[in-house]
**Student:** 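Below is one structure. I have some questions about it.
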Amino acid sequence: MGPVTPTPWDLTGRVTANEPVSTGLLRLDVALPRTVGFRPGQFAMLNLTGPGQLVFRRPFSIFAADGETMSFLYRVVGRGTALMAALREGDAVDCLGPLGRPFLRPDADTPPALVLAGGVGLPPLHAWAEAHKRPDDLICFGGRDGGDVPWSLLDDRWHVSVDRADGVPPGRQAHEGLVTGLATELLAAYDGPRLVLACGPTPLLRAAAKLARDRGWPCEVSLEEHMGCGYGVCKGCVVPVLSDDLAGWRNATSCEEGPVFDAATLDWDRLGASHGGVA
Amino acid sequence: MGPVTPTPWDLTGRVTANEPVSTGLLRLDVALPRTVGFRPGQFAMLNLTGPGQLVFRRPFSIFAADGETMSFLYRVVGRGTALMAALREGDAVDCLGPLGRPFLRPDADTPPALVLAGGVGLPPLHAWAEAHKRPDDLICFGGRDGGDVPWSLLDDRWHVSVDRADGVPPGRQAHEGLVTGLATELLAAYDGPRLVLACGPTPLLRAAAKLARDRGWPCEVSLEEHMGCGYGVCKGCVVPVLSDDLAGWRNATSCEEGPVFDAATLDWDRLGASHGGVA
Amino acid sequence: MTLPIWWRTDPTQPVRIGPRELPGRIWTASGCFAYGLSGHDIRSLDVGSPYAGIGAVVTKTVTPQPRSGNPMPRLVELEHGAINSIGLENVGHAEFVEAVLPALEERGVPTVVSLAATRPDEFGPMCERLAEVGRGFVHWHGVELNLSCPNVAEGGHDFGSSPATVAECVAAARPHLPDRLLIAKLTPNVAQIAPLAAAAAEAGCDAIAAINTVLGLDIDLETGQPVLPRRFGGYSGPAIRPIALAKCDEIIRQVGVPVIGIGGIETADDALRFFALGCAAVQVGTAQMRDPFAAARMAAALRPDAATT
Amino acid sequence: MTLPIWWRTDPTQPVRIGPRELPGRIWTASGCFAYGLSGHDIRSLDVGSPYAGIGAVVTKTVTPQPRSGNPMPRLVELEHGAINSIGLENVGHAEFVEAVLPALEERGVPTVVSLAATRPDEFGPMCERLAEVGRGFVHWHGVELNLSCPNVAEGGHDFGSSPATVAECVAAARPHLPDRLLIAKLTPNVAQIAPLAAAAAEAGCDAIAAINTVLGLDIDLETGQPVLPRRFGGYSGPAIRPIALAKCDEIIRQVGVPVIGIGGIETADDALRFFALGCAAVQVGTAQMRDPFAAARMAAALRPDAATT
Ligand SMILES: Cc1cc2nc3c(=O)[nH]c(=O)nc-3n(C[C@H](O)[C@H](O)[C@H](O)COP(=O)(O)OP(=O)(O)OC[C@H]3O[C@@H](n4cnc5c(N)ncnc54)[C@H](O)[C@@H]3O)c2cc1C
Ligand SMILES: Cc1cc2nc3c(=O)[nH]c(=O)nc-3n(C[C@H](O)[C@H](O)[C@H](O)COP(=O)(O)OP(=O)(O)OC[C@H]3O[C@@H](n4cnc5c(N)ncnc54)[C@H](O)[C@@H]3O)c2cc1C
Ligand SMILES: Cc1cc2nc3c(=O)[nH]c(=O)nc-3n(C[C@H](O)[C@H](O)[C@H](O)COP(=O)(O)O)c2cc1C
Ligand SMILES: Cc1cc2nc3c(=O)[nH]c(=O)nc-3n(C[C@H](O)[C@H](O)[C@H](O)COP(=O)(O)O)c2cc1C
Ligand code: FES
Ligand code: FES
């Protein structure tokens, strides 16, 4: 896992900004009472209400941690994220993090990366791309349409794909189709082994893992498993990983051993079955 | 009970104002989608949150109903009233009312009134005093101190008493002591039988009832019993009234047969016992 | 509100349960809507009357003798529900059959009469008299035996937790109600509810109503004493919904008898959860206190054409 | 927070229960703080460590063999609590005694080991081996017998609902733990909990822990299916607090045995409610998941000098 990860803190922060960065994504900035480090791929558990409302905190990848400000990108999908979108400047948010296993930190021997971020899978890989500006990396983001893409956050290293091309702003380019299609095109253009890093919907992760496996490349994927605690105590977030136990597999907590996993260690079949057969 | 009381409506209103009228009292104005009548002493059940927060609505005396605006005066004492104080202009409030038995509507034969309102017992009696401007009525309000008295709401018919005289604004007068003390003074000055009307803390109601009983005067008191439904279906709000049953008493729902009761029909001893012996 | 794709039932359409056809599947629960004579005058802009679209009002439980109930306070709001120890305050069976039942018939309120007793054999005479007075009534649909009120018996437990006693109660009532709906309402305060439901079904009841309140207690922090004078009370409201769903599921999957779901139903979504399990009808309790229109609004919201009207 | 006037106990002071003196009265509940080895690195500005001031960590339940638990999803948030069917995932007794228990001793974590089995006689050997390895350990205080996990046995019911079996389990464990605390943790999914507590006390346990989770079920509205693959799960969190208080009160008033209160304790106020009944200690479960410092903060807040420091 490389060097020790930064100490996790449980801190009460104050919202300094909470605004859309695209039609589907919002950015939340929280000012914390002290600096907290993180490594790209790590997440924080956000306590969005006092006791009496949400029973659990919600996990969000850390998008950036700049001085005492920690930032997140999120999409409203349910009760917690709806409350999150209603947060106003000055509102309190308890923030427990950084937590979990980050994406690999590249060294001189690491092949150039193929980064595949789908939708709300952007934050950890954006953070990774910001932390490791290596010229040969191929960095891709896939959105629903032009409006869904947070263009202002994506510098020109980013290749963008969209399901539907409408809303792409003038002067920016987007491949029409899946982000894996974009990746295939890019790989054809840029030869050689790659470290594949993926975060996004399950089909994207599966495709990324297959692409790497077929070529014998290393691959890390970040899983979004539902979480109770985020710090390893409830066992509500497990995913099956291959092991040399009798059974051939064991449960790994995705909050501690993940959320970033070596794709080759995941038991993808069992993962599909235990997750309602998600493709 | 006199003429039929106005039809109760369950309406979703919008807050138009929510501001302090004294150090301890706030006034909430709610714009309803239609006109609703009321008789002084009647109350409304306010739904201060959606499902998932407060299980019951909260009962509040109707202070005024002017066109489509219904107004309340309240004090923050717990969870619900704290949420109430946080309401902002435009917020939704479900309002079920008017409910309950009002104070007596005076006719030509009704003796002049002695009105005793203590603290948050002001709204129904203020409404009564506004509805029936009879020159010989004695109208009293008792507050904690000068700051606690909503002077702007009290025209010069009102006699005011305060526990402590600090904070009485220049040009206004306040008797120092209990409101019952003030009443005794006034009764000495203005002779003759009276209809006693009281709303406020239990000791005030008891004192009012005793004062009336000792003199053989009619007396009505408004009780603040905890309520589940406010419209007679849960039997969680009962108070003991005298009856010619074998037992000598029976339960009356304070939301339907009250909150205003003829003081002579209440079983005051049993009331004390079943309410933790409140004096 | 969007209705889920699996939902195709109109809960305001007639439904047959046992020997009766009732006008709908959303009912009000016993003790939470009095005798069905309250609130008729309340109006709203969306649903005309609190009774609109309701399948049945289950009356406050009626006992052989009048009862004044337990001392106050006897209904306390908690964080996620309420706790009560009303103690079955009611007018008594005689006054009920003479004054209340005919008034309900006259008003056209679809009615199920809730009955409780302290001995199983008391149910027979009560049902007999009901059937006598109610003969020919079209809005009186039947009886719900409250075998589960935890507030009355000492310590909060009750005779409704033994299958044999449950069967006795049902058997006492059944012969007097050949053409009326007979429901056994069960307590959740047992290890397994299915054996009780099975005993009731075998003894001849047409449906099971589940659940009654869950035994609970809360403390007044200031005094350190229980909030209710009798310490225990019946816990109701949203907090108990998952418990109610579990009990209904246990009965439905283990016993072949129609189940009427009760417990923490506040919204149309909550009602759908019970229907998803296969409940024939549901009853709205505590939510009816916050909102006289709770059941009526649910019924309106669950009509498959609700989204489009 | 102002402490009520009746509260004069410092929950971070040593407390004697049975043969042991534990360092405090606020514990973490089994299954909600793993083995007591997680979260040590987490920091906060108010309370140094999640373990500060904690009286004991009750470990995740350990079974004779390792278990991988139930299929996912197995922990689902509900409106006022959570429902879980983890299925006792654990490393197994052998690995626990060899690797985990010594690590806990070394770290100085006050520990109570939770054990479960499918037959009463399995408790004997597990306790014997624990006592062997733990001989001389000062931070290992004892064992909590989990007689109540509703997720494992068929249909959600379990052998912990019969007084005779409870007594058998306690009797199997007791001889091997002459100088350690022996706690029987009971299920609330019974009509009366006092007889179970009495049986456990008579068989020699030092204290009763109550309650474990309440049997519950929730429906995924979209599919109409239960949210958990095994339908039922254990309901925990604030919603069950009044039920837990009722069960603790029943035991305390009917059986003369120390009670450790569990169920929906989220705040210092909630803990006080259990202490008001006379509980010797409390355990924090679900709340520990939202906040690693839940128990530690409660302990700090309940020190009588808390207001002034
Ligand atoms: C490690 C990790 C990192 C994440 N990073 C981000 C991010 O950067 N931006 C972002 O928008 N979302 C992210 N998610 C997903 C985010 O946690 C969920 O969208 C959020 O919890 C939904 O909460 P809700 O109350 O709005 O949804 P509801 O569906 O109402 O939540 C109900 C329960 O389901 C859980 N849940 C629902 N959806 C998800 C999901 N997709 N993943 C995990 N749990 C879920 C909730 O935590 C909660 O316990 C991340 C998830 C994980 C596990
Ligand atoms: C007929 C009637 C008229 C009232 N009129 C007014 C008014 O005009 N202005 C005003 O400020 N207050 C009035 N009250 C009291 C008001 O209802 C309570 O202050 C309010 O319910 C407290 O709610 P809470 O959530 O803030 O308090 P909490 O103590 O948190 O409430 C917990 C529960 O106790 C009940 N409760 C608490 N205090 C009282 C009380 N004094 N009376 C009745 N129930 C209570 C609540 O309704 C709730 O069910 C009236 C009460 C009644 C019965
Ligand atoms: C105040 C109150 C009074 C009740 N009275 C009765 C009763 O008389 N008879 C009965 O069978 N159930 C009674 N119940 C139980 C309800 O009918 C219902 O079974 C229970 O409250 C669970 O449903 P809920 O969560 O929707 O309230 C009462 C419940 C409450 C809250
Ligand atoms: C995710 C989860 C796992 C649990 N695992 C166990 C367990 O292994 N053994 C046990 O005795 N209790 C277990 N419990 C029950 C808790 O220890 C506790 O008794 C129950 O959750 C009630 O307390 P709470 O409301 O504070 O959570 C578990 C509870 C939860 C939520
Ligand atoms: S979320 Fe609790 S162990 Fe991972
Ligand atoms: S408050 Fe429900 S009957 Fe009066």
Side-chain angles (χ1 to χ4, degrees), chain A residues 4-12 32-34 36 45-58 78-80 94-99 225-240 243 245-247 249-256 270-271 273-276, chain D residues 28 31-39 41-47 50 57 60 66-91 220 223 225 229 236-239 264 266-267 269-270 285-294 297:
Chain A
V4 171
T5 57
T7 300
W9 282 83
D10 182 21
L11 299 169
T12 301
L32 301 175
R34 55 158 288 149
V36 175
M45 294 295 286
L46 299 186
N47 193 4
L48 300 161
T49 64
Q53 281 199 53
L54 297 180
V55 175
F56 296 143
R57 296 194 191 203
R58 299 289 189 263
R79 214 150 65 105
D94 298 332
C95 179
L96 170 66
L99 298 166
E225 195 42 82
H226 286 217
M227 289 184 178
C229 68
Y231 69 104
V233 299
C234 73
K235 307 300 170 201
C237 67
V238 296
V239 293
S243 88
D245 285 14
L246 272 184
W249 69 281
R250 64 173 184 87
N251 278 330
T253 50
S254 67
C255 66
E256 278 195 324
R270 200 172 295 274
L271 188 64
S274 74
H275 288 67
Chain D
T28 59
C32 302
F33 212 42
Y35 298 113
L37 294 172
S38 301
D41 53 337
I42 304 177
R43 292 285 162 271
S44 79
L45 295 174
D46 53 344
V47 194
V57 169
K60 173 76 200 173
R67 295 173 56 97
S68 58
N70 289 334
M72 292 281 286
R74 56 194 200 176
L75 173 61
V76 177
E77 186 188 81
L78 306 185
E79 244 178 291
H80 307 300
I83 190 172
N84 88 80
S85 165
I86 304 289
L88 294 188
E89 167 166 345
N90 76 97
V91 296
D220 177 341
T223 62
Q225 292 301 311
S236 68
E266 290 198 300
T267 65
D269 279 354
D270 298 337
T286 303
Q288 203 60 28
M289 293 179 204
R290 177 165 58 202
D291 182 1
F293 294 88
R297 287 184 173 135

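Because the structure is a prediction, the values reported are computed rather than measured.
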**Student:** Which region of D:Tyr35, side chain (C-beta onward) or backbone (N, CA, C, O), has a non-hydrogen atom less than 4.5 Å from a non-hydrogen atom of chain A, or is it both or neither?
**Tutor:**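 Neither part.
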
**Student:** Could you measure the distance from the OG1 atom of A:Thr12 to the CG atom of D:Leu45? Nearest 0.5 Å is fine.
**Tutor:**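 If I round to the nearest 0.5 Å, the distance is 8.0 Å.
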
**Student:** Say whether, by atom type as modelled, one donor and one acceptor occur between the side chain of A:Arg57 and the main chain of D:Arg290 under 3.5 angstrom.
**Tutor:**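 Side chain of A:Arg57 to backbone of D:Arg290, a donor-acceptor pair under 3.5 Å: yes, one is there.
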
**Student:** If you take all heavy atoms of D:Pro292 and A:Leu96, which pair is closest and at what distance?
**Tutor:**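 So the two residues come closest at CG-CD2, 3.6 Å.
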
**Student:** Kindly compute the distance separating CZ (A:Arg58) from CD (D:Glu77), expressed to the nearest 0.5 Å.
**Tutor:**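 Answer rounded to 0.5 Å: 4.0 Å.
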
**Student:** With rounding to the nearest 0.5 Å, note down the distance linking CD in D:Gln288 to SG in A:Cys229.
**Tutor:**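 Result: 10.0 Å between the selected atoms.
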
**Student:** Considering non-hydrogen atoms only, spot the tightest contact between A:Val233 and D:Phe33 and give its length.
**Tutor:**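 Looks like CB-CA, 3.5 Å.
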
**Student:** Can you tell which part of D:Asp46 gets under 4.5 Å to a heavy atom of chain A, answering side chain, backbone, both or neither?
**Tutor:**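 No part of D:Asp46 comes within 4.5 Å of chain A.
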
**Student:** From D:Arg67 CZ over to A:Lys235 NZ, what is the distance, rounded to the nearest 0.5 angstrom?
**Tutor:**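 Spacing of CZ (D:Arg67) from NZ (A:Lys235) equals 15.0 Å.
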
**Student:** Please report the closest heavy-atom contact between A:Gly232 and D:Ala34, naming both atoms and the distance.
**Tutor:**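 Closest approach of A:Gly232 to D:Ala34, heavy atoms only: O-CB, 3.8 Å.
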
**Student:** Is the closest side-chain heavy-atom distance between A:Asn251 and D:Met72 below 4.5 Å?
**Tutor:**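 Sidechains of D:Met72 and A:Asn251: no contact.
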
**Student:** Between chain A and each of D:Gly81, D:Pro229, D:Gly39, count heavy-atom pairs under 4.5 Å; write down the option with the most.
**Tutor:**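 The answer is D:Gly81.
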
**Student:** Please classify the contact of D:Leu37 with chain A as side chain, backbone, both or neither, using a heavy-atom distance under 4.5 Å.
**Tutor:**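 No part of it gets close to chain A.
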
**Student:** Looking only at heavy atoms, what is the nearest atom pair of D:Ile42 and A:Tyr231, with distance?
**Tutor:**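 That closest heavy-atom pairing would be CD1-CD1, 3.8 Å.
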
**Student:** Could you tell me if the side chain of A:His226 sits less than 4.5 Å from the side chain of D:Leu75, heavy atoms only?
**Tutor:**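 No. Closest side-chain heavy atoms not under 4.5 Å.
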
**Student:** Answer yes or no: is there a donor N or O on one side and an acceptor on the other, between the side chain of D:Asp41 and the main chain of A:Thr7, under 3.5 Å?
**Tutor:**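 No; judged by distance alone, with no hydrogens or angles, the pair does not exist.
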
**Student:** With the side chain counted from C-beta on, respond yes when D:Asp291 and A:Asn47 share a heavy-atom pair under 4.5 Å apart, and no when they do not.
**Tutor:**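 Side-chain contact under 4.5 Å: no.
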
**Student:** Quick one: CG on A:Leu54 to NE2 on D:His80, what's the gap to the nearest 0.5 Å?
**Tutor:**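 If we round to the nearest 0.5 Å, A:Leu54:CG and D:His80:NE2 are 11.5 Å apart.
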
